[in-house]
Amino acid sequence: MTQRPHTLGVAVIGTGRMGADHVRRIQEVTSGARVTAVVDVDAERAKSVAARVDGCTVHTDPAAAMASADVDAVIVASPGPAHEAALLAAFEHDLPVLCEKPLTPDAASALRVLQAEQKLGRRRVQVGFMRRYDAEYMKLKSLLETGQLGRPLMLHNRHRNVASPPGWTSEMLINDSVTHEMDVTRWLLGHEITAVTVLAPTPSANAPDGIRDPQFVVFETDGGAIVDVEIYVNCGFGYQVQAEVVCERGTARVGDGHAMVTNAAGRWGGIIAQDYIERFADAYDREVQAWVDATRRDEVTGPSAWDGYAVAAVCEAAVRALEEGGRTRVELVERPALYA
């Protein structure tokens with residue numbers, strides 16, 4: 001495909017923390033694109049974000065923004081329940097979309113999006129599982145693909161946050177946090193997750209009342225691997241994401257965060273990131289640049305609507321496992337040829 005010569009006009013739907021950061025990223029970091037429209041049900045918030053971008057229009061209706069002549073592509077960064085309508089509207093305008101996770105909040109709606117995209121006969125959606133663009137995770141993926149460590153047997157994951165946002169629930173530890181490990185597992189190992197078990201100790205004293213935090217989540221895969229995830233969203237000291245793959249002939253670990261270690265005043269140590277935007281800033285930059293580059297080639301790459309659907313199905317099984325106890329199987333439809 002030939003590269004489109006013009007700068008890509010992007011509409012950003014949702015101007016909360018993530019959407020506003022994507023506006024900044026496209027304007028200041030990404031090449032080959034500019035923000036031409038922003039959308040939010042909060043018109044004043046949208047106006048505040050748009051005021052930083054020359055020529056950027058403001059909308060409260062995603063469909064109205066997508067109909068604009070200067071919009072070539074869409075970033076969906078609105079809350080999950082609004083994603084399905086925005087994605088279907090983008091399909092109607094045949095616009096490529098970078099959709100922040102989740103694709104949609106549940107497997108049934110994700111399947112509807114999947115089926116709608118299939119009717120187009122080509123991919124239009126890239127899902128925002130940004131860890132696939134993190135330098136350390138990319139190195140780990142490349143190492144596993146060489147086969148030199150042998151078959152992956154186990155994958156250990158740690159996912160810690162300083163504190164959970166107001167209004168969080170026990171289920172959100174799975175739907176909003178462990179969702180990343182679900183995608184990482186599928187991507188690194190090339191396996192589908194077939195069953196989930198969730199164990200929870202007595203909640204930490206740091207956890208708000210009623211929240212089961214931390215949790216220990218176990219995945220089984222169709223490739224015979226066992227995966228565990230420690231999710232602890234009120235650890236109090238920092239944001240940490242780590243992964244270690246145990247293979248037949250060796251192990252590999254990422255996320256230790258030891259880029260620089262200092263020695264001073266009788267102590268040694270380093271800095272722990274405090275949130276996901278700080279830890280994965282480079283990954284977000286690479287993700288958006290890859291999406292823009294592919295879109296200008298009239299291609300769609302990266303995590304697909306199938307990946308979004310599969311993760312939604314795993315989330316539902318994990319929530320059932322949390323609520324009911326025991327091992328819960330993951331139910332998936334047959335993978336369509338479009339996503340082979």
Side-chain angles (χ1 to χ4, degrees), residues 79-81 83-84 87 99-115 117 125 127-129 131-132 152-161 164 168-201 203 207 210-233 241 243 245 303-336 339-340:
H83 286 189
E84 181 181 6
L87 289 165
C99 180
E100 278 300 333
K101 65 90 181 168
L103 178 69
T104 66
D106 58 84
S109 57
L111 183 57
R112 290 194 295 268
V113 170
L114 192 76
Q115 292 168 339
E117 188 178 48
V125 180
V127 182
F129 290 122
R131 286 196 200 169
R132 298 191 186 200
L153 305 173
M154 293 179 287
L155 171 61
H156 305 299
N157 299 278
R158 297 175 185 166
H159 187 161
R160 299 168 179 157
N161 293 65
S164 58
W168 262 50
T169 65
S170 299
E171 293 75 19
M172 292 176 76
L173 271 72
I174 293 169
N175 291 329
D176 289 70
S177 294
V178 181
T179 180
H180 282 293
E181 279 75 26
M182 294 171 187
D183 182 67
V184 159
T185 294
R186 300 176 58 259
W187 175 63
L188 285 177
L189 305 185
H191 302 172
E192 289 293 358
I193 298 169
T194 57
V196 188
T197 303
V198 180
L199 305 172
I211 295 185
R212 300 172 69 180
D213 179 41
Q215 297 173 19
F216 191 78
V217 185
V218 179
F219 304 143
E220 300 169 43
T221 77
D222 61 2
I226 298 295
V227 180
D228 63 78
V229 185
E230 173 212 305
I231 178 66
Y232 187 11
V233 298
V241 168
V245 183
S304 68
W306 171 262
D307 297 312
Y309 160 73
V311 167
V314 178
C315 280
E316 289 190 352
V319 168
R320 287 198 304 273
L322 174 67
E323 294 174 345
E324 301 171 5
R327 175 179 179 270
T328 304
R329 289 199 59 81
V330 177
E331 303 294 336
L332 293 176
V333 301
E334 185 176 350
R335 186 168 183 156
Y339 310 104

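The figures that follow rest on heavy atoms only: side chains count, while hydrogens, waters and symmetry mates do not.
We find the OG1-CG distance between Thr197 and Leu322 to be 11.5 Å, quoted to the nearest 0.5 Å. To the nearest 0.5 angstrom, Thr179 atom OG1 is 12.0 Å from Met172 atom CE. The CG atom of Leu111 sits 10.0 Å away from atom CD of Glu84, with the distance rounded to the nearest 0.5 Å. Interatomic distance, Asn157 CG to Met182 CE, rounded to the nearest 0.5 Å: 11.0 Å.
Closest heavy-atom contact between Pro214 and Pro201: O-CD, 3.3 Å. Heavy-atom minimum distance, Ala225 versus Pro152: CB-O, 4.1 Å. Closest heavy-atom contact between Gly210 and Ser170: O-OG, 3.4 Å. Listed here is the closest heavy atom pair of Ser177 and Val233: OG-CG1, 4.0 Å. For the pair Val198 and Ala318, the tightest heavy-atom approach, listed with the atom from each and the gap, is CG2-O, 3.5 Å. When every heavy atom of Pro102 is checked against every heavy atom of Gly80, the shortest pair comes out as CG-CA, 4.2 Å.
Ring geometry, Phe129 versus His180: the interplanar angle exceeds 60°, so the pair is classed perpendicular (tilted spans 30 to 60°).
Among pairs with a residue in residues 185-194, those fulfilling salt bridge (Lys or Arg N to Asp or Glu O under 4.0 Å) read Asp183-Arg186, Arg186-Glu192, Arg186-Asp307, Glu192-Arg335, at least two apart in sequence or across chains. Counting only residues at least two apart or on different chains, the side chain to side chain donor-acceptor pair (under 3.5 Å) pairs with a member in residues 212-227 are His191-Thr221, Asp213-Asn234, Glu220-Arg327.
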Evaluation steps, side chain to side chain contact (heavy atoms under 4.5 Å, CB included), between Ile211 and Leu173
CA-CA 9 Å; Ile211 295 185; Leu173 271 72; 4.0 Å; yes

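At a threshold of 4.5 Å between non-hydrogen side-chain atoms, the residues Thr185 and Val229 do not count as touching. Within the 4.5 Å cutoff, side-chain heavy atoms of Val241 are placed close to those of Arg131. For the pair Val127/Trp306, no side-chain contact is recorded, criterion being any heavy-atom separation below 4.5 Å from C-beta on. Looking at Tyr309 and Pro336, their side chains never come closer than 4.5 Å, going by heavy atoms from C-beta outward. Within the 4.5 Å cutoff, the side chain of Glu230 has heavy atoms near those of the Arg160 side chain. Two residues are said to be in side-chain contact when any heavy atoms from C-beta on lie closer than 4.5 Å; Leu103 and Leu87 meet this criterion.
A search for side chain to side chain contact (heavy atoms under 4.5 Å, CB included) contacts involving Arg320 returns Glu316, Ala317, Glu324, Thr328, not counting sequence neighbours. Remark: Glu331 pairs with no residue by the side chain to side chain donor-acceptor pair (under 3.5 Å) rule, at least two apart or across chains. Shown here are the side chain to side chain donor-acceptor pair (under 3.5 Å) partners of Asn175, two or more places apart in sequence or in another chain: there are none. Listed by chain and number, the residues in a salt bridge (charged side-chain N to carboxylate O under 4.0 Å, His left out) with Glu100 amount to none (sequence neighbours excluded). For Pro79, the side chain to side chain contact (heavy atoms under 4.5 Å, CB included) partners two or more places apart in sequence, or in a different chain, are Pro81. Taking the side chain to side chain donor-acceptor pair (under 3.5 Å) definition, one finds that Thr104 meets it with Ser109, sequence neighbours left out. For Glu117, there are no salt bridge (charged side-chain N to carboxylate O under 4.0 Å, His left out) partners at least two apart in sequence or on another chain. Under the side chain to side chain donor-acceptor pair (under 3.5 Å) criterion, His83 pairs with no residue, sequence neighbours left out. For the ring pair (Phe, Tyr, Trp, His ring centres under 6.0 Å) test, no residue two or more places apart in sequence or in another chain qualifies with Phe219.
Remark: side-chain polar atoms of Lys101 are paired, donor with acceptor, to backbone N or O of Asp176 under 3.5 angstrom.
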